[in-house]
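Atom set for the values below is all heavy atoms of this structure, side chains included, hydrogens, waters and symmetry mates excluded. Below, chains carry the letters A, B, ... as their sequence lines are ordered, and counting in each starts from 1. Nothing here was measured: the structure is a model prediction, and the numbers come from that model.
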Protein chains: 2
Amino acid sequence: MNCLAHRFDHPTADMLYHDIQKIYPKISLGTVYRNLNLLSDMGMIQRFSTGDGNEHYDANTQPHYHFVCRECGAVHDIHVEMRSRIISEVAPYVDGKIDSAATFFYGKCGSCLNSKEIENNQPVSE
Amino acid sequence: MNCLAHRFDHPTADMLYHDIQKIYPKISLGTVYRNLNLLSDMGMIQRFSTGDGNEHYDANTQPHYHFVCRECGAVHDIHVEMRSRIISEVAPYVDGKIDSAATFFYGKCGSCLNSKEIENNQPVSE
DNA sequence: GTCCCTGCAAATCCTTTGCACTCCT
DNA sequence: AGGAGTGCAAAGGATTTGCAGGGAC
């Protein structure tokens, strides 16, 4: 199961389900959810929601930034060193104990920008 | 409608619904959702999900940090200046165009920590 | 009358759960 | 036999949607 989560970007349970089906055709969605939750409870994968109504899963448990495309819903890692001190800097201002942080950047991804350009250019070039 | 969202912390649609009912007893949940989505589409309120399965709404549209208690689900603002340059710093590493950012800190809030202390102390003091 | 916004209820989507079954020891 | 993990289908929650009604112009 774990090896499946290892494979690519930041799939939803349903995306993973379809993907796993190619290898285990009889697997059920319930099992996928069950194992995904098991793994994230054990801390072996990260689980988060981007606002698109689905839970996403990430095999990379290192703290890192995410970029979410509002148009196509794609989620990409951002390859920048995350400020590791951010938690200790913010902690004094919080009534409670912080144990993790997540930051998301929202916008429009490269391919969505491109496809829009194409759309816009075609009527012009005709 | 807007004045309602202005009132307090980071309610879910359902919390707001119950709250609005006190003033407009006949309002329906569908209307609450409709208007909340309208307002957030117009950029007058912020909408985000914390991982508890609900959408939360925030009348404060200024970028700021959020603290989410994993135990009781409460969401609090963190009164620290958010690094405004973070988007421009990260932008070069993203294939696309960032237009907003959100960062969440997860942990256990003060009151949940306290109630746990009390629980733990009682058996000892008996 | 027309338009816009609403209440209501049904529909939808994602996720969780209960139960019976299989597989392995 | 006993336990763990699974498929399947039903249940559960949150959010969205379709439609008819009501008020303002």
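Between A:F104 and B:T103 the shortest side-chain heavy-atom distance does not fall below 4.5 Å. Counting heavy atoms from C-beta outward, B:Y65 and A:I86 have side chains that approach closer than 4.5 Å.
Rounded to an integer number of Å, the gap from OH of B:Y17 to P of D:dT15 is 14 Å. Distance CG (B:D52) to P (D:dA14): 9 Å, rounded to an integer number of Å. Across the protein-nucleic acid pair, B:L36 atom CG and D:dT15 atom P stand 10 Å apart, rounded to whole Å. The CE atom of B:M15 sits 17 Å away from the C1' atom of D:dT15 (whole-angstrom rounding).
A salt bridge does not link A:D99 with B:K108: none of the charged nitrogens is closer than 4.0 Å to a carboxylate oxygen.
Of the possible donor and acceptor atoms, one in the side chain of B:Q46 sits under 3.5 Å from a partner among the backbone N and O of B:N60. The closest donor-acceptor contact from the side chain of A:H56 to the backbone of A:H10 lies under 3.5 Å. Panel note: side chain B:D19, backbone B:M15; no donor-acceptor pair is recorded below 3.5 Å.
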Listed pairs, N/O of protein and of nucleotides 11-18 of chain C, under 3.5 Å:
unit_1 : atom_1 : unit_2 : atom_2 : d
C:dT15 : OP1    : A:E55  : N      : 2.6
C:dT15 : OP2    : A:Y33  : OH     : 2.2
C:dT15 : O5'    : A:Y33  : OH     : 3.2
C:dT16 : OP1    : A:N37  : ND2    : 3.4
C:dT16 : OP1    : A:R47  : NH2    : 3.4
C:dT16 : OP2    : A:N37  : ND2    : 2.9
C:dG18 : O6     : A:R34  : NH1    : 3.2

What does the list of N/O pairs under 3.5 Å between the protein and nucleotides 2-4 of chain C look like, with a distance for each?
none

Criterion side chain to side chain contact (heavy atoms under 4.5 Å, CB included) on B:Y57 and B:N37, from CA distance to verdict = CA-CA 10 Å; B:Y57 298 88; B:N37 284 343; 3.7 Å; yes
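A:L38 and A:F48 are not part of a single hydrophobic cluster, where members link through side-chain heavy atoms under 4.5 Å apart.
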